[in-house]
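Everything numeric here is computed off the predicted structure, so don't read it as measured data. In the text below, chain A, chain B and the rest are named by the order of the sequence lines, each starting its count at 1.
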Amino acid sequence: MNAVTRLLRLSAAPALALAFSMAVTAVVLAVSGHPPLGTLRSMVEYAGRRNTQVLIVNSAMSYYIAAVAVAVCFRMRLLNIGIDGQYRLGALAAATVGGYLALPAPIHLVLIVGAAMLAGAAWALIAAVLKVRRGVSEIISTIMLNYIATGIVAYLLQPGRLAEVVPGSNNIGTPEIPPSVRIPGISIPGATQPILGLGVIAIVVGVAYWYVVNRTTYGFDLRATGSSRDAALASGVNVRRMIITTMLVSGATAGLIGLPLLLGRTYTYSLDFPAGVAFTGIAIALLGRNHPIGIAAAALLFGFLDNANQILALNGIPKEIINITQGTIVISVVVSYEFVRRRATRAEQRMVGRSAPALAASVS
Amino acid sequence: MTHIDVSQANPPSLKRFVPNRTWQLAAVGIVLVSLVRWVSGVDSLTSSGSFAAAIGSAVPIMMAGLGALVSERAGVINISLEGSMILGTFGAGWIGWQHGPWLGLLAAVLFGTIGAIVHATATVTFGVDQIISGVAVNILALGLSQYLATAMFQGTPGGGRTQSPPIPPIGRVSLPGADWMLGALEDTHIVVVSDVAAALRAALVDVPIVTVIAFALVVATSVVLWRTAFGLRHRMCGEDPFAADTLGVNVVRHKYAAVVASGAFAGLGGGYLAIVAANIYREGQTAGRGFIGLGTVVFGNWMPSGMAGGAALFGYIDSQQLRSEAGAHAMLLLLAAFVAAVTLYLAWKRDWKRSTRLGLIAGATALWYAATDVLPPQAAFIAPYVATLVVLAAAGKGFRPPKMTGVPFRKGEQS
């Protein structure tokens with residue numbers, strides 16, 4: 001099988017899914033009395049603007065980190081729905097360390113990143129321990145932990161605890177991070193906002209993910225456990241330890257999601273810090289097939305959908321139409337992967353079936 | 001590979017049906033609660049109003065739990081129930097405010113099945129991983145209801161992008177005479193007696209008809225699943241679909257029926273939230289109750305009575321946080337009392353290690369209660385979610401889920 005057919009086979013399923021979800025979206029739009037093609041055209045036009053493009057890249061970088069955090073777990077058939085809570089606790093921890101401490105910049109920066117990763121990992125550890133020690137499904141436990149994280153963040157983010165009233169507003173947030181550790185953005189000619197400088201983290205995370213999964217013993221064990229837990233166990237992989245390590249890695253990665261925004265624009269964790277990346281991260285990891293480059297493409301697509309929809313409200317179309325598109329993409333992409341996989345298996349079986357009699361004849 | 005549990009397939013008596021342990025636990029529970037009420041002086045812990053609120057909180061969770069149970073008994077894990085529930089709240093709001101609560105309820109059920117049909121198609125027909133399909137359907141359901149809410153409620157009287165106009169109230173029923181008799185008993189404030197009277201009063205007086213329907217559905221489902229040939233085949237699909245297939249059971253059809261029914265139940269739960277609990281559709285109304293419902297199934301060891309017990313427990317915790325500050329604070333004492341009871345039980349069983357550990361927890365909780373006057377509102381908010389985690393963790397591995405739930409079934413392809 002040469003490279004071209006491989007690439008075709010790999011992209012067949014996502015392409016099929018995309019086409020299908022576009023069709024579904026078009027039908028929904030048409031039924032509610034909006035022109036589907038005109039809508040798409042206005043979104044694409046809007047995405048052609050420099051400002052929109054910067055916004056797309058900025059959201060795509062958080063989505064990318066979120067999706068990698070999910071993908072690590074997916075590789076061994078764990079589902080970490082808790083990245084939402086891990087991300088918010090990580091961002092709050094980073095904002096606290098950043099806002100309350102005054103240290104030389106390099107040490108301070110290391111502490112901020114460390115706090116984010118530590119908080120995320122610690123939160124994920126709860127689910128991992130519950131799974132390994134008590135057999136609690138990580139799916140239910142991480143969902144519950146997301147709600148619990150919401151409560152904890154709300155408790156801590158109050159004047160007198162970690163937060164103070166933001167001057168000139170009734171928003172409350174952690175104290176501003178000093179200028180020494182703020183990360184400057186990359187200005188783009190023609191755009192009012194810069195690209196967040198810490199987007200570099202996304203690239204580092206992506207490369208590290210590729211390297212760890214494909215080039216280390218841990219990565220091999222990870223994939224082995226994902227393919228067959230029993231086979232991995234038989235070949236000496238400590239599955240319980242793998243679960244703990246992988247959840248820790250995933251949680252630490254999830255802790256990083258908020259950093260580009262925190263150190264690049266808001267400088268404080270306040271009530272209006274964006275929430276709800278869990279399901280987006282899962283969707284992107286699925287669409288990108290847990291592959292570092294596939295995830296990047298999917299993250300950009302979701303960034304496009306989430307930002308280009310701003311134009312829709314101006315045309316009187318509910319911008320939530322995008323949520324339908326995203327949901328349909330996810331459901332159709334998993335169905336089409338399964339469909340394509342089955343077709344491939346059947347083709348293989350037919351090939352074997354055809355060559356088997358000849359083989360038998362040559363043996364006897 | 002034959003593992004059809006004959007004892008469960010063929011219950012000899014009603015005792016099997018509602019395990020004795022459920023009654024014992026319920027009795028211990030109500031005695032504990034009434035003692036705590038008596039000690040703390042917080043009458044709202046066991047007032048009939050409080051129990052009514054607990055039932056109100058329990059019903060949506062119980063419906064999601066019933067859906068999960070029906071689906072998992074046929075071998076399909078359905079975490080898209082949260083999505084079905086969300087769709088149910090929207091359906092109830094959309095039809096309910098225009099055509100009355102009953103049609104709204106019907107719409108909730110129908111909308112709940114939409115998500116389930118997608119899930120069934122993906123998992124049963126295409127054999128997609130059930131968890132992943134469930135996640136995807138949840139995303140889709142949330143998006144769909146948000147889009148439709150914006151499209152349908154913007155510019156309506158009292159409605160907007162995230163909420164519907166008010167839905168007219170749905171009927172309530174009472175057992176004649178119960179209010180008068182039980183009310184008198186409740187007002188005596190005698191330990192246990194008045195508390196039991198309050199609980200009965202909440203269950204018999206001024207009950208929303210939907211609540212009655214919900215309980216009837218739980219009973220009907222357990223009768224169908226454990227007393228009919230259909231139910232036996234249904235549960236076989238969850239235990240060993242390949243064996244069921246060789247015996248001529250149409251596994252695919254059973255699985256479809258199970259998933260669609262589960263969506264309908266969860267949709268009904270969503271309809272309850274919108275019509276009875278809030279008389280309005282509001283975005284984010286479900287707040288993860290579909291997921292908590294999944295937890296109650298584990299809690300109840302995949303049996304309807306246990307599941308309903310779990311829903312009642314979560315409902316009670318959920319309702320106390322909303323009722324009053326004193327009530328939420330008294331929950332600490334209740335928790336301490338409960339843990340202390342388990343400690344004593346373990347000590348009686350001579351399990352010293354665990355009983356010491358739990359004793360310390362009980363003491364710390366009692367100290368927390370004594371040292372403070374109010375519980376932070378966030379602590380009350382997270383209580384149901386923490387309870388779900390703790391209960392699942394404490395129950396540990398002593399469960400017996402349907403053997404092949406979560407495994408995709410392909411005719412003639414036993415893996």
To the nearest 0.5 Å, tell me how far A/Thr142 OG1 sits from B/Phe291 CZ. 9.0 Å

Which residue out of B/Ile131, B/Val298, B/Thr150 racks up the most heavy-atom pairs below 4.5 Å with chain A? B/Thr150

Sort by residue number and list every member of residues 330-339 of chain A having a non-hydrogen atom under 4.5 Å from chain B. A/Val330, A/Ile331, A/Val334, A/Val335, A/Glu338, A/Phe339

Could you grab the distance from atom OH of A/Tyr155 to atom CD1 of B/Ile382, nearest 0.5 Å is fine? 10.5 Å

Does any part of the side chain of A/Gln158, heavy atoms only, come nearer than 4.5 Å to the side chain of B/Gln378, both counted from C-beta? yes

What residues, two or more places apart in sequence or in another chain, satisfy salt bridge (charged side-chain N to carboxylate O under 4.0 Å, His left out) together with A/Asp272? none

Under 4.5 Å to a heavy atom of chain B? For A/Ile324 that would be both

Any pair counted as salt bridge (charged side-chain N to carboxylate O under 4.0 Å, His left out), so long as it reaches residues 302-315 of chain A, sequence neighbours left out: none

Which region of B/Phe126, side chain (C-beta onward) or backbone (N, CA, C, O), has a non-hydrogen atom less than 4.5 Å from a non-hydrogen atom of chain A, or is it both or neither? both

Nearest-0.5 Å distance that lies between atom CG in B/Leu389 and atom CG in A/Leu145: 5.0 Å

Side-chain H-bond candidate by donor/acceptor type, A/Thr150 with B/Tyr385, under 3.5 Å: no

Select one option (side chain, backbone, both, neither) describing which atoms of A/Ile140 are under 4.5 Å from chain B's heavy atoms. side chain

State, with a plain yes or no, whether a side-chain heavy atom of A/Phe279 is found less than 4.5 Å away from one of B/Val135. yes

Name the region of A/Ile148, side chain, backbone, both or neither, that has any atom closer than 4.5 Å to a heavy atom of chain B. both

Do B/Leu142 and A/Asn323 have side chains that approach each other closer than 4.5 Å (heavy atoms only, starting at C-beta)? no

If one checks every heavy atom of B/Thr121 against chain A at 4.5 Å, the contacting part turns out to be neither

When the 4.5 angstrom heavy-atom criterion is applied to A/Ile81 and chain B, the contacting part is side chain

Tell me, for A/Arg77 versus chain B, whether the close heavy atoms (under 4.5 Å) come from the side chain, the backbone, both or neither. side chain

To the nearest 0.5 Å, atom CD1 of B/Ile79 lies from atom OG of A/Ser137 at 8.5 Å

Against chain A, label B/Thr388 side chain, backbone, both or neither, depending on which of its atoms sit under 4.5 Å from a heavy atom there. side chain

Among all residues two or more places apart in sequence or in another chain, which pass the side chain to side chain donor-acceptor pair (under 3.5 Å) test with B/Thr286? B/Glu82

